[in-house]
Asks: 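Here it is, the structure in full.
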Amino acid sequence: MIRTSLAALAALALPASLSAQSTTQDQFDVRYDRALAAGYKALFLCSALANAQRNGAERTPESVEQWELTGVYPRIQPIMDELEYTILPDAAGRVALVQVDWADDMPPRFAEGSHDQGCRLAPIGLDAPMPEMRVPPRPGEEGPAGTGKVRKGGGLTIPVKEVETHGGATESAPRPLDPVIDRAFGADYGEGTRTTAVVVRHAEDRNGVLGQGRYAPGFGPDTPQRTWSVAKSIAATLIGAAVQRGEAKVTDTLAYGDWRWDARRSITIDNLLRMASGRYSDTPGNRTDPLYMGGALVEESATGWPLLHPPGTVFRYANNDTLMAVKAIEDTFDDYDPADLFADIGMTGTVAETDWGTDYILSSQVWATAEDLAKLGQLYLDDGVTRDGKRLLPENWRDYVSTPSGPQPGNGFGYGASWWLFNVHQGIPADTIAAMGNRGQFVVVVPSRDIVIVRRGEDPVGSRFDIVAFTRDVLASIP
């Protein structure tokens with residue numbers, strides 16, 4: 001009887017113990033989510049404002065809150081809305097630090113600004129330095145004196161869908177694409193979507209480009225936005241440039257650290273570009289929250305995942321594959337880095353940001369204007385030759401990135417080497433490739449029609465811009 005009673009008591013105690021553990025885990029998760037929300041807010045305020053200042057564009061904290069900081073992951077959106085932030089300028093009036101308070105017993109999360117390299121997010125728990133220690137004005141540069149702390153809040157509304165236009169025609173002259181572009185700024189291509197920019201380039205010949213574009217209020221040709229996963233196609237372009245220079249081959253393996261002692265030593269750059277490394281990732285798409293929002297390093301977050309399938313056999317879209325493909329050529333960056341690539345293409349409003357160390361986050365963290373992304377597309381229209389005649393990519397590079405020679409995603413799109421393929425869509429030429437990113441970032445390249453289509457957005461989670469339908473309608477509107 002006594003033994004039975006003790007056993008019964010133990011059985012009753014077990015759920016309580018598990019419940020206590022669960023409560024403790026819930027508390028950890030809540031705290032972690034607050035830290036991530038603060039990091040997300042600090043980085044986006046810093047990057048949007050600092051990169052706009054670099055380009056001479058106008059952005060305000062209110063605009064960033066309206067666009068980049070709404071429609072975010074439901075887990076952190078309500079937390080982020082309530083967190084206060086502080087913007088600290090340098091002596092020239094540029095954004096030097098953005099701090100976000102998140103816990104009474106921990107330092108604020110902060111992102112540090114640089115005039116030429118965007119912003120980088122500090123690890124959780126690091127104390128922020130004074131801005132004058134980090135971002136001094138460049139020699140000979142003048143600007144207003146620092147104005148101290150600027151504190152803002154949330155609760156702002158989304159602006160109405162008014163638009164500005166630019167391009168080769170006057171406002172009063174009708175243009176063939178106007179009706180289609182009008183619809184892109186409404187709900188015709190996706191309920192709840194929010195278009196910030198549309199740029200279409202139609203190269204009638206190699207000597208001239210006809211362009212047409214439109215922007216939401218507060219955005220313009222000089223306004224950079226985060227590219228999200230469009231950066232993966234930029235990473236493939238950077239690797240293509242290394243191949244052209246003879247400094248890399250896509251068949252090269254990455255003997256990184258401990259990889260050289262196990263089966264990961266057989267993973268090639270080609271496997272990584274095709275999302276076919278065979279490595280494990282914790283979530284579809286491999287959200288990479290510790291890196292993107294937590295301030296972790298690429299070295300910490302991207303390198304250690306184990307092999308689950310033979311390389312080249314399974315498609316698994318993962319940020320970590322792109323990050324490791326870039327690490328495979330990082331030894332070449334002393335002579336040619338992302339900034340050199342952007343200069344060669346003419347992408348003067350584009351910045352590739354790094355982690356808190358020195359690694360580029362080329363899976364997502366590039367800030368570029370819509371016009372610059374059109375230039376990226378133009379490079380592929382011109383088969384890897386820049387407008388000043390320099391061969392930047394190998395002659396067969398466009399064919400390489402558009403060939404679905406690896407395992408395929410099975411989601412209605414094909415996948416080449418870090419470019420998506422519109423190879424099965426009626427009304428769209430089969431040679432169409434696209435760079436695509438979160439929140440509605442698209443660069444569509446149609447070589448057989450000499451057309452580049454760029455659509456930028458800040459689409460909320462749960463909404464989706466129908467880029468296939470938009471591409472089809474744009475092509476149908478151009479003679």
Side-chain angles (χ1 to χ4, degrees), residues 40 43-45 47-48 51-52 55 57 59 62-74 77 156-166 177-201 212-234 285 292 349-350 363-374 376-377 413 420 422 434-445 452-474:
Y40 190 106
L43 181 59
F44 270 85
L45 280 164
S47 293
N51 288 317
N55 288 354
R59 287 302 301 274
E62 291 82 1
S63 171
V64 180
E65 287 188 285
Q66 291 168 346
W67 292 97
E68 282 91 344
L69 296 180
T70 58
V72 184
Y73 311 119
Q77 181 74 69
L156 301 171
T157 58
I158 300 301
V160 297
K161 296 186 290 290
E162 297 174 355
V163 294
E164 302 169 358
T165 61
H166 83 284
L177 289 176
D178 281 344
V180 180
I181 293 177
D182 285 345
R183 292 167 57 199
F185 283 86
D188 285 12
Y189 295 106
E191 190 67 32
T193 57
R194 303 184 302 171
T195 298
T196 56
V198 172
V199 172
V200 179
R201 281 179 168 233
Q212 187 168 335
R214 185 171 296 176
Y215 295 88
F219 294 83
D222 297 321
T223 307
Q225 291 178 256
R226 181 158 161 163
T227 63
W228 293 95
S229 288
V230 167
K232 294 178 172 67
S233 302
I234 294 174
Y292 288 0
T350 299
S363 56
S364 174
Q365 210 162 305
V366 175
W367 286 74
T369 66
E371 298 285 344
D372 277 0
L373 293 185
L376 173 69
F413 293 93
W420 292 92
F422 287 21
M436 304 198 291
N438 189 30
R439 295 179 70 94
Q441 320 309 317
F442 299 102
V443 183
V444 181
V445 181
V452 176
I453 303 165
V454 176
R455 187 270 182 178
R456 309 300 305 274
E458 293 295 342
D459 299 336
V461 170
S463 65
R464 184 176 295 275
F465 186 87
D466 190 344
I467 189 60
V468 172
F470 182 62
T471 298
R472 185 182 296 119
D473 290 346
V474 168

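We number each residue from 1, following the sequence as shown. Owing to the predicted nature of the structure, the values given are computational and were not obtained by experimental measurement.
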Asks: Where the side chain of Ser47 meets the backbone of Leu43, is there a donor-acceptor pair that is under 3.5 Å apart?
Replies: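 Yes.
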Asks: Of all the heavy-atom pairs spanning Ala368 and Arg456, show the shortest one and how long it is.
Replies: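 What the structure gives for the nearest pair is O-NH1, 2.8 Å.
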Asks: Would Phe442 and Ile453 count as a side chain to side chain contact (heavy atoms under 4.5 Å, CB included) if you check the C-alpha gap in whole Å, the side-chain angles of each, and the deciding distance to 0.1 Å?
Replies: CA-CA 8 Å; Phe442 299 102; Ile453 303 165; over 6 Å; no
Asks: Glu458 and side chain to side chain donor-acceptor pair (under 3.5 Å): which partner among Arg439, Arg194, Gln441, Arg226?
Replies: Arg439
Asks: Between Asp372 (side chain only) and Gly349 (backbone N and O only), is there a donor and an acceptor less than 3.5 Å apart?
Replies: yes
Asks: If we ignore hydrogens and angles and just use 3.5 Å, is the side chain of Gln77 paired with the main-chain N or O of Leu69 as donor and acceptor?
Replies: yes
Asks: Between Ala231 and Ser363, which heavy-atom pair has the shortest distance, and what is it?
Replies: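 Smallest interatomic distance, heavy atoms only, reads CB-C, 3.9 Å.
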Asks: May I ask you to decide if Asn51's main-chain N or O and Arg59's side chain share a donor-acceptor pair within less than 3.5 Å?
Replies: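 Looks like no, no N/O pair under 3.5 Å.
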Asks: Search all heavy atoms of Phe185 against all heavy atoms of Ala216 and return the closest pair with its distance.
Replies: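 Closest approach of Phe185 to Ala216: CE2-N, 3.7 Å.
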Asks: Looking at Phe465, does the NZ or CZ of Arg455 lie under 6.0 angstrom from its six-membered ring centre and within 45 degrees of the ring axis?
Replies: yes
Asks: Can you name the nearest heavy-atom pair linking Thr350 to Thr369, along with the distance?
Replies: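 Heavy atoms of Thr350 and Thr369 come nearest at OG1-N, 4.4 Å.
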Asks: Shortest non-hydrogen contact from Phe422 to Ala434?
Replies: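 What the structure gives for the nearest pair is CE1-CB, 3.7 Å.
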Asks: Do you know which of Tyr292, Trp228, Trp67 makes ring pair (Phe, Tyr, Trp, His ring centres under 6.0 Å) with Phe44?
Replies: Trp228
Asks: Taking all atoms of both residues into account, what is the closest heavy-atom pair of Ser463 and Pro460, and its distance?
Replies: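 Nearest pair, atom of Ser463 first, then Pro460: OG-O, 2.8 Å.
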